[in-house]
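Following: one structure in structure tokens, then a few remarks.
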Amino acid sequence: MNKNLLIIGAGGHGRVVKETAEAMGCFEKINFLDDNSEIAIGKCKDFKQYINEYSYAFVAFGNNELRMKWIENLFEAGFNLPALIHPTAYISPSARIVEGTIICAKAVINTNVVIEKGCIISIGVLVDHDSVVGECSHINTGAIVKAGCKVDKLKKVDAGVVYSGE
């Protein structure tokens, strides 16, 4: 299996995804598919044409529902969906990060936290112990998820918010 990564979406978040993947140092080639970008190698709808050249794919759309749909499409097509974790993030050894999720720079994922499939954990986020971040949620820059909280599937927690599950 090759170590090539295809990123769906070349906007601002897509470029963060690419830089995170590059910082991890485990992919040989990284390219984008996007319908409106000059840096993309093709259109999103053509993703199946790239399955032999790219073993891994990652959805870089900020829209939670759209990201969920594309994750399902890529999985069904046979792509591997990595979890991307920036080297400056702290991930507790007891935490579980599920496929298709990005943990950005300087984030902290504490003891017994579960980050479900397809989440965006933005730069500087703190997720305290025994919390669960539901599938395809987005915890935005500098937000804090307090200990023992459940963030519902597809939820967006805005930048700087201290989230207690209410």
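The first residue in the sequence is number 1, and the count goes up from there. Since the model is a prediction, treat every value here as computed from it, not as a measurement.
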Minimum side-chain heavy-atom gap Leu74-Phe47 below 4.5 Å: yes
Criterion side-chain contact (heavy atoms from CB on, under 4.5 Å) against Leu6, the qualifying member of Phe32, Tyr56, Tyr50: Tyr50
ILVMFWY cluster, Leu33 and Leu66 together (side-chain gap under 4.5 Å): yes
Please report the closest heavy-atom contact between Ser131 and Gly148, naming both atoms and the distance. OG-N, 3.2 Å
Among Arg67, Met68, Lys69, exactly one meets side-chain contact (heavy atoms from CB on, under 4.5 Å) together with Ile71. Which residue is that? Arg67
Minimum heavy-atom separation for Gly134 to Cys119, with atom names? O-SG, 3.1 Å
For Leu5 and Lys29, what are the C-alpha separation, side-chain angles and deciding distance, and is it a side-chain contact (heavy atoms from CB on, under 4.5 Å)? CA-CA 6 Å; Leu5 176 65; Lys29 179 167 61 170; over 6 Å; no
A side-chain contact here means heavy atoms from C-beta on lying under 4.5 Å apart; do Leu154 and Glu135 qualify? no
Does NZ belonging to Lys48 count more than 12 external heavy atoms closer than 6.0 Å? no
Least distance between heavy atoms, Ala159 atom then Asn140 atom: N-CB, 3.4 Å
Is the shortest heavy-atom distance from the side chain of Thr20 to the side chain of Phe58 under 4.5 Å? no
Connected via hydrophobic side-chain network under 4.5 Å: Val145 and Leu126: no
Examine Val59 and Phe75 and state if one hydrophobic cluster contains both, with Ile, Leu, Val, Met, Phe, Trp and Tyr joined whenever side-chain heavy atoms are less than 4.5 Å apart. yes
Minimum-distance pair of heavy atoms, taken over all atoms of Ile7 and Ala60: CG2-CB, 3.6 Å
Within a radius of less than 6.0 Å around NZ of Lys146, do more than 12 heavy atoms belonging to other residues, nucleotides or ligands occur? no
Under 4.5 Å between any side-chain heavy atoms of Asp158 and Lys156, yes or no? yes
Closest approach of Asn112 to Ser94 (non-hydrogen atoms, all atoms of both residues): N-OG, 2.9 Å
With no hydrogens and no angle check, is any side-chain donor or acceptor of Lys106 less than 3.5 Å from a backbone partner on Ile123? no
Rounded to the nearest 0.5 angstrom, the CD1-OG1 distance for Ile109 and Thr101 is 9.5 Å
Separation between OG of Ser122 and CD1 of Ile139, rounded to the nearest 0.5 Å: 8.5 Å
Value for NZ (Lys18) from CG (Asn31), rounded to nearest 0.5 Å, stands at 6.5 Å
CD1 (Ile30) and NZ (Lys3) are apart, to the nearest 0.5 Å, by 10.5 Å
Determine whether Val127 and Val108 make a side-chain contact, defined as any pair of heavy atoms from C-beta on separated by less than 4.5 Å. no
Have Asn2 and Ser55 got a donor and an acceptor in their side chains that come within less than 3.5 Å? yes
Between the CG atom in Asn52 and the CG atom in Asn4, the distance rounded to the nearest 0.5 Å is 11.5 Å
Centroid-to-centroid, Phe79 to Tyr54, below 6.0 Å? no
Does the side chain of Tyr163 reach to within under 4.5 Å of the side chain of Lys155, using non-hydrogen atoms? yes
When hydrophobic residues are tied together by side-chain contacts of less than 4.5 Å, even through go-betweens, does Val151 share a cluster with Val162? no
Decide salt bridge (charged side-chain N to carboxylate O under 4.0 Å, His left out) for Arg96 and Glu116; before the verdict, give the C-alpha distance in whole Å, the side-chain angles of both, and the deciding distance to 0.1 Å. CA-CA 8 Å; Arg96 186 165 63 94; Glu116 293 182 348; 5.8 Å; no
With a 4.5 Å limit on heavy-atom distance, are the side chains of Phe61 and Ile8 in contact? yes
Is any side-chain heavy atom of Ile91 closer than 4.5 Å to a side-chain heavy atom of Ile103? yes
Output for pair (Cys104 SG, Glu19 CD), nearest 0.5 Å, gives 10.5 Å
Hydrophobic cluster membership, with links at side-chain heavy-atom distances under 4.5 Å among I/L/V/M/F/W/Y: are Val125 and Ile97 in one? yes
Please name the pair of heavy atoms, one in His13 and one in Ile102, separated by the smallest distance, quoted to 0.1 Å. CE1-CG2, 3.9 Å
